[in-house]
Amino acid sequence: MSLVSDRSAALRYAIVYDKPGRIRFRLGRDVFTKEQGYGIEETFFACPFVVDAAATAVNGGLLVHYRPGHRADVVGLLEGLDRHALPEGERKDSNVLREMDEEFANALIDIFLMRMFFKFFVPAPIGMFFLFKSAAKYWKRGIDALARGNMNVDVLDAVSIGVAISQKDFKTASSVMMLLRITALLGDYTKKKVHHSLSRSLSMNVDSVWARVDGAEVQMPLEDVRIDDVIRVRSGNIIPLDGEVVEGEATVNEASMTGEAMPVVRSFAHSVFAGTVVDEGSICIKVRSLANDTRIQNIVNMIDTSERLKANIHSNAEKLADNIVPFSFVAFFGALFLTRDMPRAMSVLMVDYSCAIRLSTPICIMTSIKNASNRRILIKGGKHIESFATANVAVFDKTGTLTWSCPTVAKVVPFEGYERSEVLKISACLEEHFPHSVAKAIVRRAEAENLEHQEEHADVEYIVAHGIASSIGEDRVVIGSRHFICDHEGVPLSDENAAVIERETQGYSTVYLAIGGKAAGCICVQDPPRPEAARVLDNLAELGLDRMIMLTGDSEAAAKIVAEELGIKEYRSQMLPEQKALFVKELKDAGNTVIMVGDGVNDSPALSQADVSVAMKDGADLAKEVSDIVILDENLEGLVVLRKLSNELIGRVNGNYKVIVGFNTSLIALGLGGLLPASVGAVLHNLSTMFLSWFSTRPYESIRQ
């Protein structure tokens with residue numbers, strides 16, 4: 001051990017471990033705070049010769065892993081810190097996980113040390129007092145459960161401890177309570193780690209916003225937004241930051257915050273929150289918070305606690321666990337009546353099935369959700385992953401879902417009185433405010449042709465999920481599907497225009513532009529299937545999905561081409577949003593369990609109607625908001641992972657049931673046969689529960705691939 005000299009501003013430290021590539025310093029208790037510990041870590045991390053650094057404020061420890069040959073640099077870096085002005089830093093994921101591990105380890109050590117202390121150093125009368133005091137907590141839980149009319153595991157624990165004490169088997173009672181504490185500690189620790197891993201994987205997935213700068217609206221990265229900046233959020237877009245409405249009016253879907261499905265009106269002076277979505281309208285928001293941790297934690301808590309989102313296997317496990325308890329009491333009294341041997345009968349009370357079932361099942365579900373998040377798949381509740389396993393029909397939107405997420409403009413067709421560049425420029429000017437893949441294709445083409453534009457139009461808005469409307473001067477400008485332009489907006493097409501459309505648009509996805517009630521032109525978009533789409537559909541069929549159906553608002557010709565390329569036998573073309581939703585409902589009414597996969601605002605009604613809905617990464621914010629699952633990668637492979645993962649979840653839960661029943665039944669049988677003392681059975685039972693809970697956190701095979 002070496003000690004640095006005491007200098008006025010230098011940190012005093014001792015080196016307690018020193019091996020090549022690894023050195024541990026001890027600076028003393030309370031030398032630095034947690035925040036300063038984070039800052040010290042950041043200081044070391046900033047150096048290229050440091051591989052890892054971990055500071056612990058409780059004991060003033062600092063462990064540094066460094067590259068060969070840099071020991072002197074590490075020591076010099078520490079000696080260069082001013083103990084009167086230590087840097088402060090922010091808590092990071094690595095800090096959270098390490099503190100979580102330390103907290104669990106310290107709590108576990110405390111349990112064992114307390115057991116040893118009472119066993120060897122505390123006089124028997126005092127030990128008995130604390131034994132009864134600990135037992136009273138379990139008795140209170142049991143009485144409270146009975147008062148609520150629940151014959152559950154709390155009652156079983158209370159009775160088993162009480163019976164052991166009544167038989168003067170204080171050692172068994174003490175061991176059972178210690179193991180119950182360890183089991184609860186392990187369960188809490190496991191859930192915390194899963195929660196943290198899940199929270200870490202979630203993100204707003206918003207890269208840029210429209211901000212008001214010097215009276216004009218400009219697009220800027222989200223990370224550049226500051227408090228009191230004013231940002232605009234339009235129909236179909238997610239609200240990225242907490243704030244206050246300073247202009248405009250909109251209906252906002254706040255289901256992610258409140259669980260309420262009906263949108264609410266938000267206007268001047270109303271508060272709005274990150275993660276909610278503007279259904280209709282447009283609002284300017286004065287930013288008051290840059291953090292979205294509250295929204296993320298809200299999702300995590302909702303996943304874990306919402307009864308509405310709880311998987312049936314989770315609810316069934318809880319019911320099964322409680323339903324088993326009365327049979328344990330029946331078996332106990334039956335064994336006592338037949339054997340007249342209390343120790344043998346106690347073996348039934350000391351071993352129960354419900355504890356392991358109740359603990360392992362939610363851990364399995366949360367682990368599957370966390371593992372999915374590791375593959376950039378956000379699942380908003382255990383119910384949804386279970387539904388994905390039982391589904392037999394998958395319905396897909398075409399554009400932006402089955403087709404390439406980066407479509408390209410094949411041609412721009414102007415109608416009489418308009419120039420090609422004018423049609424493309426105005427279309428891009430309108431479409432740049434919205435995130436759909438076709439809109440992005442139009443904007444990219446305009447940029448490639450250097451068609452810069454001044455925003456001369458008024459505010460833009462979605463109209464009944466078919467298209468976009470605005471105005472330039474006195475003229476109303478609309479862009480969208482042919483149905484939207486002609487049927488909804490009443491824009492006529494001349495015979496000449498109809499002939500041009502028939503000749504030029506075959507096999508393409510087509511967007512139409514009208515200005516002042518007159519058709520101005522159309523844009524033909526090449527929308528090739530995603531390269532992985534056919535393979536994904538084949539894999540899903542192999543995994544038990546009976547039917548694959550494609551829905552699209554595109555023409556019959558465009559739909560047929562994609563269906564043939566992907567080998568899809570069932571498809572529907574020229575479908576309106578409400579028709580898609582009705583089609584999904586009809587499938588459900590026929591007894592099917594339906595998966596709906598989409599990406600656009602126009603898919604939202606169908607997504608809401610399905611048993612389980614999936615939105616794509618590049619989809620509209622409204623689609624991602626209403627969906628049960630969001631794939632955050634740019635391909636469809638996540639659907640195969642989801643199917644495998646959901647199947648494995650069901651298999652793992654059922655496998656746990658078999659292990660729990662088999663192992664605990666063996667313990668009870670050995671106890672009744674007089675071959676296993678009740679105390680040993682209790683220890684083995686609780687150890688098996690802890691092991692099964694830990695084992696349930698292992699990665700799923702579909703995630704390892």
Side-chain angles (χ1 to χ4, degrees), residues 253 255 259-262 279 303 306-316 365 377-402 464-465 536-537 539-553 559 563 566 568-616 619-620 622-631 636 638-640 642-643 645-647 649-650:
N253 187 321
E260 175 58 50
M262 293 299 295
D279 268 2
I303 288 172
S306 173
E307 289 296 328
R308 183 175 58 86
L309 298 179
K310 191 175 289 185
N312 288 332
I313 50 175
H314 187 176
S315 300
N316 292 340
I365 294 169
I377 301 169
L378 169 60
I379 303 173
K380 300 179 183 177
K383 172 184 177 181
H384 308 313
I385 192 170
E386 183 182 16
S387 296
F388 209 92
T390 58
N392 65 311
V393 177
V395 178
F396 297 86
D397 167 57
K398 180 181 79 70
T399 306
T401 303
L402 286 176
V464 296
V536 167
L537 293 175
N539 290 340
L540 290 175
E542 292 172 0
L543 291 168
L545 281 166
D546 301 329
R547 297 169 64 187
M548 310 286 179
I549 305 170
M550 182 182 77
L551 305 181
T552 180
L566 297 178
I568 296 176
K569 297 178 181 178
E570 293 185 68
Y571 69 90
R572 302 288 189 279
S573 62
Q574 297 179 313
M575 294 195 78
L576 302 176
E578 55 269 25
Q579 291 174 324
K580 291 182 179 181
L582 180 60
F583 182 78
V584 171
K585 183 178 184 301
E586 289 172 351
L587 287 172
K588 289 175 58 180
D589 291 343
N592 298 292
T593 301
V594 182
I595 299 169
M596 174 66 196
V597 188
D599 76 319
V601 173
N602 62 332
D603 298 322
S604 299
L607 290 168
S608 300
Q609 192 67 240
D611 291 290
V612 56
S613 53
V614 183
M616 305 302 295
L622 185 58
K624 288 183 284 189
E625 179 66 26
V626 302
S627 292
D628 306 316
I629 299 171
V630 182
I631 296 177
L636 294 168
L639 295 173
V640 178
L642 274 168
R643 185 68 171 190
L645 191 65
S646 59
N647 288 341
L649 168 63
I650 304 301

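Heavy-atom basis, side chains included; hydrogens, waters and symmetry copies ignored. Please read all numbers here as calculations on a predicted model, not as lab measurements.
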Peer 1: What closest approach, in Å, do I568 and M548 show between heavy atoms, and which atom pair accounts for it?
Peer 2: CG2-O, 3.7 Å
Peer 1: As an exercise, state the distance from NZ of K580 to CE of M596, rounded to the nearest 0.5 Å.
Peer 2: 6.0 Å
Peer 1: Hey, is NZ on K588 packed in by over 12 heavy atoms from elsewhere, all under 6.0 Å?
Peer 2: yes
Peer 1: My understanding is that only residues two or more places apart in sequence, or in another chain, count here; which of them pass side-chain contact (heavy atoms from CB on, under 4.5 Å) with T593?
Peer 2: T390, A391, N392, D611
Peer 1: Hey, are D628 and K383 close enough for a salt bridge, meaning a charged N less than 4.0 Å from a carboxylate O?
Peer 2: no
Peer 1: What are the two closest heavy atoms between A610 and V594, and how far apart are they?
Peer 2: CB-O, 3.8 Å
Peer 1: Could you grab the distance from atom OG of S608 to atom CG of D603, nearest 0.5 Å is fine?
Peer 2: 10.5 Å
Peer 1: After noting the C-alpha distance and the side-chain angles of L545 and I595, does the key distance pass the side-chain contact (heavy atoms from CB on, under 4.5 Å) rule?
Peer 2: CA-CA 10 Å; L545 281 166; I595 299 169; 4.2 Å; yes
Peer 1: Tell me, with the steps shown, if F396 and L639 meet side-chain contact (heavy atoms from CB on, under 4.5 Å).
Peer 2: CA-CA 11 Å; F396 297 86; L639 295 173; 3.7 Å; yes
Peer 1: What pair of heavy atoms forms the shortest contact from A559 to S573, and how long is it?
Peer 2: CB-CB, 3.8 Å
Peer 1: Of all the heavy-atom pairs spanning S627 and S613, show the shortest one and how long it is.
Peer 2: CA-OG, 3.2 Å
Peer 1: State the CZ-CG distance between F388 and L543, to the nearest 0.5 angstrom.
Peer 2: 9.5 Å
Peer 1: Rounded to the nearest 0.5 Å, how far does CD of E386 lie from CD1 of I650?
Peer 2: 4.5 Å
Peer 1: Can you sort out the partners of K585 under side-chain contact (heavy atoms from CB on, under 4.5 Å), two or more places apart, ordered by chain and number?
Peer 2: D589, Q609
Peer 1: May I have the step-by-step check of side-chain contact (heavy atoms from CB on, under 4.5 Å) for I629 and I385, ending in yes or no?
Peer 2: CA-CA 8 Å; I629 299 171; I385 192 170; 5.8 Å; no
Peer 1: Apply the side chain to side chain contact (heavy atoms under 4.5 Å, CB included) test between M575 and each candidate in L551, L582, T552; give the one that qualifies.
Peer 2: L551
Peer 1: Report the distance from atom NZ of K569 to atom CD1 of I549, rounding to the nearest 0.5 Å.
Peer 2: 13.0 Å
Peer 1: Please evaluate residues R547 and L587 with respect to the criterion side-chain contact (heavy atoms from CB on, under 4.5 Å), reporting the C-alpha separation (whole Å), side-chain torsions for both, the decisive distance (0.1 Å), and the verdict.
Peer 2: CA-CA 11 Å; R547 297 169 64 187; L587 287 172; 3.8 Å; yes
Peer 1: Got a donor-acceptor contact below 3.5 angstrom from the T401 side chain to the K398 backbone?
Peer 2: no
Peer 1: Rounded to the nearest 0.5 Å, how far does CD1 of I379 lie from CD1 of I631?
Peer 2: 9.5 Å
